[in-house]
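Remarks on the structure that follows.
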Number of protein chains: 2
Amino acid sequence: MKVPPASIKDVAKRAGVSAGTVSNVFSGNRPVKPGLAKRVREAAAALGYEPDRAASQLRGGKGRVVGIVIPELSNPFFTSLVAAIETAARAESFDILVASSSDDDSEEAARLRTLLAWKPAGVVIVPASDEFPSRGLLEKAGLPFVVVDRVPQDFTGDAVSSDNFDAGLQAARHLFELGHRDIVVAASSMRLQNIRERCSGIESVLRETDSAPLSLIELGFSFESAAARLEQLATERRRPTAFLALTNFGTLGVLATLQQWNARVPDDVSVLGFDDYSWMRAVSPPLTAIRQPVEEMGRRAWRILRRRIEGDSEPPEGIRLACTLERRRSTATCPPGTTIDIKRPSRRDRDDLAKSN
Amino acid sequence: MKVPPASIKDVAKRAGVSAGTVSNVFSGNRPVKPGLAKRVREAAAALGYEPDRAASQLRGGKGRVVGIVIPELSNPFFTSLVAAIETAARAESFDILVASSSDDDSEEAARLRTLLAWKPAGVVIVPASDEFPSRGLLEKAGLPFVVVDRVPQDFTGDAVSSDNFDAGLQAARHLFELGHRDIVVAASSMRLQNIRERCSGIESVLRETDSAPLSLIELGFSFESAAARLEQLATERRRPTAFLALTNFGTLGVLATLQQWNARVPDDVSVLGFDDYSWMRAVSPPLTAIRQPVEEMGRRAWRILRRRIEGDSEPPEGIRLACTLERRRSTATCPPGTTIDIKRPSRRDRDDLAKSN
DNA sequence: CTTTCTACGTAAAACGATTTACGTTTAAAT
DNA sequence: ATTTAAACGTAAATCGTTTTACGTAGAAAG
């Protein structure tokens, strides 16, 4: 059953032309007269010929592969991103090489190194951390690359991410409008710039309303670590009236813990999640959540990378895409009984007080 | 900043040896004296040398890449599978090339063809359908491949899947034990062998208990199509006392629809889901579900493929892994009021009746 | 009619590794 | 000490493409 694959020479012989001509027919690199081209194409079809990518890569230097490095293949946010990029890349007949870093800097560097050995045309990367040591590798290789989602603080290259500050702002404002003052923010790790940005968004609302400082817990990068950390929270403080999760694993962790505490959502406690998945709409109560435009992020990342591959050398583009608040039913007005107003006297109140003396 | 990547010759020159020796140091293909080997390794490190995979692929013929073809990159079941395979493959320094077929046969063939152009050492594939036209391509290429999850009816090669019959059996039995007799089974498409197997498992329980025939709807492959189809169901028949979903999108669709109908789970209707994800534990009520051992499936698929790549030619292996029922709280005893006993007289009853005449 | 382009085909070099064929050194055997 | 074989290096051939340098034919220009 096994047939040795046809090479460009076999096709050339069958079509009665030289190998170079066959190459030109397929690569479109130089024009070939229609008649000949047709003969070549027929010969190729008859032999089931497909150009060997490794060989063409080797000689041509520039291959039609792009590398994608993400922290976790088991996190649907990242795989959605990969799906979006793959769709866009495939449309221009680029193949994708995927690697995951397990949220670890040195793992990331190692994976990237083997990726680079394929001489890809470009790389899309969601860094494992703000340290982003892979940056050096990429720059040394002189490869175009786009950073997505986790854009380090002082990063100057091409980047696509959510408008995290605004996302935090929207989320916090929503909960405040519902009367919540005792909110616990569930983050993955403050070592990530995007998380810090979301927090500043929240803090700006706290400041606006002159409220107590941010109450925050770090949950790590897995469902399990999140649940464990939250379990511990119960022993440290009384239950807040609302949880604001800043990642999808955080959302899951909060929900699972509330489950164990037998707390009803939203009657006993409101929950605002991050990232928007099908299951959030399907469950009861449907989850209020901040939706990141993940498909759009993937498309934009590809578009930028594509241009760079073409040789475009405009100044770096830093794209921030707006998130939207999906209001559903897991957030409700804070029940009056449970609202313990821990608000400090507002500036205005204090001023009034001062005047009256 | 851009540095032209070092080639094997650069390393050879720096270490004062020939290119062949450098190759041997890295490939371990032939022994090299420790002293020399060390010198070569140092030179390589100094130059940041990494063997060009395309070049080594070209000459060596056998590359260290494996292709993975799955129906959807946005379905967490499949991406979990990819994650498991990637972990196993990476441990033996194989890279993975991922392609998705969008559940379409011809798309699958096209994607596979471009994958094959990389001359991978092997392929793991979840076919888009039972037709599995890609099989011919793979066999013609003489490439080892393993079929996972959707194994066509009469398939004879290496395969790894769940024990779908038993999964259906367990699920149905669980619902029957809780007293449910009016169950709607939500499948993706009966054109898939694995779905048919799950159905026969369910049917065997129906037969055992002499119950009414299977009530089934096909929901398609996306959350949206599932929700739409279920919406329509409401106009066609009265509400069942339980839903048994056979895929993860089906589970989501059922849940979302129940949501819209304002039906409480499990008080009004029980729900048994398929596939087991974090969110199922986190939501309220936690979902009873059939768990497929997806990581194990990935590991086993890799193990078989690895052996075939090594040249093993044992007869094909058809592995079936057991699923487990995760009992949680979305299934409950059928409320007596709503139990409409549509059971036909059992064979025993009928026999008794006949005798008494 | 000659000259000058332009268009397009061919043969051969190149890409960066592995592998083969062969040579030299070193160790083991007589 | 001589022979034999094993061990290990080197140079050159090779994988299947793309690219370069060159050649030829026909068209356009003078």
Side-chain angles (χ1 to χ4, degrees), chain A residues 3-41 43-44 47-65 93 95 114 116-121 141, chain B residues 3-41 43-44 47-65 93 95 114 116-121 141:
Chain A
V3 178
S7 85
I8 199 171
K9 283 189 194 148
D10 302 323
V11 177
K13 200 176 298 171
R14 193 177 221 270
V17 298
S18 76
T21 302
V22 177
S23 171
N24 287 330
V25 169
F26 281 89
S27 67
N29 210 314
R30 277 177 34 173
V32 173
K33 270 208 258 202
L36 259 198
K38 184 156 156 282
R39 236 170 60 215
V40 168
R41 247 182 270 277
L47 296 171
Y49 168 74
E50 187 88 19
D52 183 315
R53 313 281 277 215
S56 74
Q57 174 107 314
L58 174 56
R59 176 57 232 225
K62 47 149 198 252
R64 288 183 94 76
V65 222
S93 69
D95 289 318
T114 84
L116 256 31
W118 285 101
K119 304 266 148 62
Chain B
V3 178
S7 84
I8 199 171
K9 283 188 196 149
D10 302 324
V11 178
K13 199 176 298 170
R14 192 177 222 270
V17 297
S18 77
T21 302
V22 178
S23 171
N24 287 329
V25 169
F26 281 90
S27 66
N29 211 313
R30 277 175 37 170
V32 173
K33 271 209 264 214
L36 260 198
K38 184 156 156 283
R39 234 169 62 215
V40 169
R41 247 182 269 277
L47 296 172
Y49 167 74
E50 187 89 20
D52 181 315
R53 312 281 277 208
S56 75
Q57 174 108 314
L58 174 58
R59 174 61 230 232
K62 44 144 202 254
R64 287 184 93 76
V65 223
S93 69
D95 289 318
T114 83
L116 256 30
W118 285 101
K119 304 266 148 61

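Within every chain, numbering begins at 1; the chains are lettered A, B, ... in the order of the sequence lines, protein sequences first and strands thereafter.
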When you measure from the side chain of R39(A) to the backbone of A15(A), do you find a donor-acceptor pair of N or O atoms at a distance under 3.5 Å? yes
Please state whether the phosphate of dA17(C), meaning OP1 or OP2, lies under 4.0 angstrom from any side-chain nitrogen or oxygen of S56(B). no
Just checking F26(B): base, sugar-phosphate only, or nothing, at a heavy-atom cut-off of under 4.0 Å? nothing
Between C1' on dC15(D) and CG on D10(A), what's the gap in Å once rounded to a whole number? 13 Å
To the nearest Å, how far apart are Q57(B) CD and dG16(C) C1'? 13 Å
Verdict with supporting geometry, W118(A) and V65(B), side chain to side chain contact (heavy atoms under 4.5 Å, CB included): CA-CA 11 Å; W118(A) 285 101; V65(B) 223; 3.5 Å; yes
Any donor-acceptor pair under 3.5 Å linking the side chain of S27(A) with the backbone of S23(A)? yes
Under 4.0 Å between a side-chain N or O of N29(A) and OP1 or OP2 of dT19(D)? yes
Rounded to whole angstroms, how far apart are CG on L58(B) and C1' on dT18(D)? 12 Å
Which letters describe nucleotides 4-10 of chain C, given B = protein heavy atom under 4.0 Å from base, S = only from sugar-phosphate, - = neither? ----SBB
Using 0.5 Å steps for rounding, measure from the NZ atom of K119(A) to the CG atom of D52(B). 3.5 Å
OP1 or OP2 of dG16(C) sitting under 4.0 Å from any side-chain N/O of S7(B)? no
Salt-bridge criterion met for D95(B) and R64(B) (N-O under 4.0 Å): no
Nearest-0.5 Å distance that lies between atom OG in S7(B) and atom CG in L47(B): 9.0 Å
Quick one: I8(B) CD1 to dA11(D) P, roughly how many Å, whole number? 14 Å
Rounded to the nearest angstrom, tell me the gap between atom CG in D52(B) and atom C1' in dG16(D). 14 Å
Distance in angstrom units between R53(B) CZ and dT18(C) C1', rounded: 14 Å
Length of the CG-P vector between L47(B) and dA17(C), whole Å: 12 Å
Do side-chain atoms of Q57(A) reach the backbone of A54(B) as a donor and acceptor pair under 3.5 angstrom? no
dT19(C) base to R59(B) side chain: any donor-acceptor pair below 3.5 Å? no
Length of the NZ-C1' vector between K119(B) and dT17(D), whole Å: 10 Å
